[in-house]
Amino acid sequence: MSIVRKITLGYVILIFIPVVVFGYYYYSQIYGNLTNQFVQSRQKILEQAHANMKMDLTRIDSIQRMLQYNPYVTDYLNGVYESDSHSIYAYNRYISPVITQSLFINPEIESFRIYKTKQRVLPITDRFLDMSSLNPQGQEVAHTLKPGQGIWMLTDPGAAAPSLMFYQNIYNSDFTEKIGILELRVGSSLIGKLYEAAGGRDNWQAFLLPEQGVPPAEGAPAGIDKATWKLLGSKDARPYFINNKTIVNQLYIEELDVRVVVTGKVDDVFRTIKRKEIILVFTIIALLAVLSFVYYALASTITKRILLLARHMRNLDDDNMKQFISKHDKPNRLDEIGFLTSTYNSMIRRMDELINNVHRSELRNKEAAYKVLQAQIKPHFLYNTLETIRMLAESNNDKEVADISFWFGKLMRYSLSSEGDRTVLAREIETVVFYLNIHKMRLQHRLTYEIDVAMDAEQLDCPRFMLQPLVENSIVHGASAILRPVHIKLQVRETGDEIRISITDNGTGIQEDKLLAIRSRLARGGDNRAAENGGGVGLFNVSERIKSFFGGSSQLVIDSEQDRGTCLSIIISKGGTGPT
């Protein structure tokens, strides 16, 4: 597949598809959130409408309490007035104004009636009627009502906005006898007011349903599909839900023992957003199409230069070292591809020079090999001279000179050996012993040493001259600085996690401020210029070589106490990367 197609495919997979998918997902999330927020706000409006209606019902049914505690009304219904004239006078003088005021305050009331239970009470107009004229439903309700309890009823539940009836008994002043029942008929305006406050207008509709179940599907209001109607009749008590793009809010009205349901279409709510959505989708598609074309054209322009350079590189061999020149690259063009072309041409020139200079390089290599052979003659001459001195000392029975020559020869062979920078711990310890023997020959009884190795030192690889600078530090700053005897102990211990090599002396120790400075330089690492200025070059070099060779948490640790001695510990972590 060509690079142009790869770039185009990468654009489609990495940019085009993710943008479209994310845009659709993001829009769906926003659309869903807006819908839920809208439905929740509609539910709050419905709850507020119910609260307002509840206040209206409380205001209307408070008429019963006003009548119950009016002595003229209770006396009239109790038959206190013996003559009709007294009854008419009391009605006109005291009772009618109360009823008129109640009707004025509550304009929703269409009918105001009190059905008396006592026969001797005079019926007056249509306000006070005999109990026998009360409809059977009202009489049945009157028998079930408890003192202080009223009931609201729907007169025609199937109507779009049904009227309401309120019944409540009226008792005598002692509440020992039922003397009448109050009947208030409230017009459909109250339910209509509830519908309007709940948002039942325009394309939204409101209606009442029983608390449980619904009428048959044929009785469903227009615009309600069967699935939504079935959900309304189920035991699902959700206050609001969305089904088949239909928004449903419902609330149970305890006073009427019915549910008020408000329904509408999602598309009606978001019709404007839908139009903008279509425009937005087409805009994104057009924009992505234009960007895709521009991206493809730009990618083609770039890749054409890369393809020409790649074709030239495929034809490159020892016999073809021509530089790449393209008509698409202007002179001194400083973009990335121009830089790549310039660097490539420089590499071609360099390769041509290298190929032409191979012969000279071979001659230089032979000359270097000759110098290496010449350099090897010098250490061999030194070894032979030291061996001659040792043999003469032994022949003259001068054991000290012979030993020093032997130890020094071993040290020189180890130092000048061309075996590389890697050895084993056993060779390092052996070299340290030679080094200590030479200094003991010089310091005599002032220096003693002890070697304690509790592991197989032949199996541990380590860098050369890892221990000698530490031993030298103990001698120079320990034994050579004081006149009292100094003991140096080299100890090697192995545990499950680490190998610890400790070199301890009982010399002068290190001052606290200088010890802190050395520890700080060892912890920083990286650059030994600070060590060159403040001392401790050998310690710094050993520390860096240990970290580089063993890796992990391997390190050099210094513990010292002034006038008590110093302990230099090499901690080799077994969890590191291993010798490099």
Side-chain angles (χ1 to χ4, degrees), residues 398-412 414-415 423 425-455 457 460 462-494 499-522 531-532 534-543 545-546 555-572:
D398 194 344
K399 189 175 186 315
E400 292 182 351
V401 175
D403 289 342
I404 289 178
S405 299
F406 175 76
W407 297 330
F408 185 65
K410 289 288 185 179
L411 285 176
M412 294 304 297
Y414 187 77
S415 301
T423 185
L425 182 60
R427 300 289 81 77
E428 274 291 292
I429 295 175
E430 182 182 23
T431 303
V432 167
V433 171
F434 294 149
Y435 185 80
L436 287 171
N437 286 338
I438 293 175
H439 280 283
K440 183 171 176 58
M441 189 70 69
R442 178 175 65 89
L443 298 175
Q444 298 296 325
H445 66 279
R446 289 175 52 203
L447 175 64
T448 58
Y449 67 88
E450 176 184 356
I451 307 297
D452 182 10
V453 180
M455 65 169 290
L460 179 63
C462 64
R464 285 158 56 89
F465 292 102
M466 178 181 70
L467 300 181
Q468 187 271 338
L470 305 184
V471 174
E472 180 181 0
N473 186 82
S474 297
I475 293 175
V476 173
H477 299 286
S480 299
I482 58 177
L483 297 178
R484 60 179 174 82
V486 173
H487 181 73
I488 298 176
K489 180 178 181 180
L490 189 152
Q491 187 178 48
V492 181
R493 290 289 183 269
E494 181 179 12
I499 298 173
R500 183 180 290 265
I501 305 173
S502 301
I503 299 175
T504 308
D505 67 74
N506 59 346
T508 58
I510 304 175
Q511 297 178 359
E512 184 175 357
D513 55 346
K514 187 176 182 180
L515 177 63
L516 293 176
I518 293 175
R519 285 176 175 173
S520 176
R521 288 195 295 269
L522 294 182
E532 293 176 359
V537 178
L539 297 180
F540 181 86
N541 289 337
V542 170
S543 175
R545 292 173 66 200
I546 289 171
Q555 58 181 321
L556 174 64
V557 178
I558 302 179
D559 296 308
S560 181
E561 187 176 350
Q562 194 168 2
D563 298 328
R564 297 291 296 275
T566 303
C567 178
L568 305 175
S569 299
I570 298 176
I571 301 175
I572 302 173

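None of these values were measured; they are calculated from a predicted model.
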Atom pair OG1/CD1 of T423 and I429 - distance to nearest 0.5 Å: 10.5 Å

Over all atoms of both residues, closest heavy-atom pair of I571 and R500: CD1-NH2, 3.3 Å

Separation of L568 CG from I503 CD1 (nearest 0.5 Å): 6.5 Å

Pair K440-T448, side-chain contact (heavy atoms from CB on, under 4.5 Å): steps then yes or no: CA-CA 7 Å; K440 183 171 176 58; T448 58; 4.2 Å; yes

Closest heavy-atom pair and its distance - Y435, Q468: CE1-NE2, 3.4 Å

Side-chain heavy-atom pair V557, Q555 within 4.5 angstrom cut-off: yes

T508 side chain near Q562 side chain, heavy-atom distance below 4.5 Å: no

Nearest atoms (heavy-atom pairs only) where E428 meets C462: CG-SG, 3.7 Å

Euclidean distance, R464 CZ relative to R545 CZ, rounded to 0.5 Å: 9.0 Å

Close side-chain approach of D452 and R493, heavy atoms under 4.5 Å: yes

Pairing of R564 and D505 as salt bridge, 4.0 angstrom limit: no

Atom pair OG1 (T566) and CD1 (I558), whose distance is rounded to the nearest 0.5 Å: 8.5 Å

Rounded distance (nearest 0.5 Å) linking atom CD of E561 with atom CD of E512: 10.0 Å

Any E450 side-chain heavy atom under 4.5 Å of L490 side chain: no

Exercise: identify the closest heavy-atom pair between D563 and R484: O-NH2, 4.0 Å

Heavy-atom closest contact (C567 atom, T504 atom, distance): SG-OG1, 3.5 Å

Under 3.5 Å donor-acceptor, S520 side chain and L516 backbone: no

Test log, rule side-chain contact (heavy atoms from CB on, under 4.5 Å), inputs L467 and V542: CA-CA 8 Å; L467 300 181; V542 170; over 6 Å; no

4.5 Å side-chain heavy-atom contact, L470 and L556: yes

Validation row: P485, L447 side chains within 4.5 angstrom (heavy atoms): no

Close side-chain approach of V432 to Y449, heavy-atom, < 4.5 Å: no

Student check: side-chain heavy atoms of I501 and L425 closer than 4.5 Å: yes

Approximate separation, where rounding is to 0.5 Å, of I518 CD1 and R521 CZ: 5.5 Å

Backbone of P469 reached by a side-chain donor or acceptor of N473 within 3.5 Å: no

